[in-house]
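Excluded from the calculations below are hydrogen atoms, water molecules and symmetry mates; all remaining heavy atoms, backbone and side chain alike, are included. Index from 1, following the sequence. Atoms within a ligand are numbered from 1 in the order they appear, just like the ligands themselves.
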Amino acid sequence: MGTSQDIFDGEGGSFTLWDMPPLSEAEVNSYLQFAQRMVFEAGGILREGYYRHKEIAHKSGRELVTSADLVSEKFIRSQIETTYPDHKILSEEFGGLQKIAVENLWVVDPLDGTNNFAHGFPFFCVSVAFVHRGHLVLGVVYDPLREEIFWATVYSEAYLNGEKIKVSQIDNISGALLATGFPYDLSPETENNLDHFVNFSYAAQGIRRAGSAALDLAYVAAGRLDGFWELKLRPWDMAAGALIVKKAGGVVTDFAGNPWTLSSDRIVAANPQIHPQMLEIIRGR
Ligand code: IPD
Ligand code: CA
Ligand code: CA
């Protein structure tokens, strides 16, 4: 069950994130085209910034922010504000959470993989999801260096550029390539994922920590990875990728096996065979 935060209590009753929205396919496709155009342009901003001198500041501890995060987000916000002035935006740099339960909500990570970007490690993306009356309507994840756009809507299957994508068919975790990430605060007294990392390292064929949760999810959808888990993430890291994994035939839950919601801060996303095996390892069995 989701928490009250992710249920839209509006006219017509309560709905959960994964139900069909009261929008036609044509309406959804028009939002999709808008989102795709926007991430292509924002990705262009990141690509250009990646090859130039970068202005880098510390947000806190290990957490960085670059000028590209800010320029990309300002661009995306201005596009949404101009095209849909009554829509709300939940975004990392300037749009901290107000309420999830609003009529129309764009969930935006203008640069997922900031640490990679700052160091010149070529693995980062723009991630945009759209939520209407509490329903996750579409997700778009764009990797501007590889020019790969991963996307799905409630009405579609999942796609990478023009091709349909599916989760992998690996059925035993001993043969699985998994991915994860770590919170910026890795102090030993906090929950830091190192325990799960050790347990998964014994169980799986390999683990990758590439540094962009949204792209990790997109890679699960494309069958490049068999599963992904992480904790202490924010909605903008996961929302688009979660829908893309689901529509590629994957399973997306929190660590307890409940359906993933916008208020979940942890995620397990994998093909249907690997997913229960991942939950068992997380539960310590
Ligand atoms: C981070 C990335 C990383 C994950 C961190 C996130 P950011 O997002 O997704 O892979 O491990 O937890 O905060 O800060 O690069 O947008
Ligand atoms: Ca992020
Ligand atoms: Ca970010």
Would Glu48 and Arg52 pass as an ion pair if we require N to O under 4.0 Å? yes
Report for the Ca ion (ligand 2), protein N, O or S closer than 3.0 Å, by chain and number, lists Asp109 OD2, Asp112 OD1, Asp237 OD1
Taking only non-hydrogen atoms of Asp109 and a 4.0 Å limit, the atoms of ligand 1 in range are 16 (O)
A student checking ligand 1 against Gly113 at a 4.0 Å heavy-atom cut-off should list atoms 7 (P), 15 (O), 16 (O)
The complete set of salt bridge (charged side-chain N to carboxylate O under 4.0 Å, His left out) pairs with one or both residues in residues 238-247, sequence neighbours excluded, reads none
Sorted by chain and number, sequence neighbours left out, salt bridge (charged side-chain N to carboxylate O under 4.0 Å, His left out) with Asp237 holds for none
Checklist entry - Does Pro183, backbone or side chain, put an N or O under 3.5 Å from an N or O of ligand 1? => result no
For the 3.5 Å polar cut-off, considering only N or O atoms, please tell me whether Thr114 and ligand 1 meet it. yes
Glu81 atom CD: more than 12 heavy-atom contacts under 6.0 Å: yes
| field | N/O separation below 3.5 Å, Glu230 to ligand 1 | value | yes
Besides Tyr202, the hydrophobic cluster formed by Ile, Leu, Val, Met, Phe, Trp and Tyr side chains linked at under 4.5 Å, directly or via other members, contains Val198
Counting heavy atoms under 4.0 Å, the part of Arg209 that contacts ligand 1 is side chain
Ligand 1 atoms nearer than 4.0 angstrom to some heavy atom of Gly211 are 2 (C), 3 (C), 10 (O)
Contact region, Ala213 to ligand 1, non-hydrogen atoms below 4.0 Å, reads both
Within 4.0 Å of some non-hydrogen atom of Leu111, the atoms of ligand 1 are 16 (O)
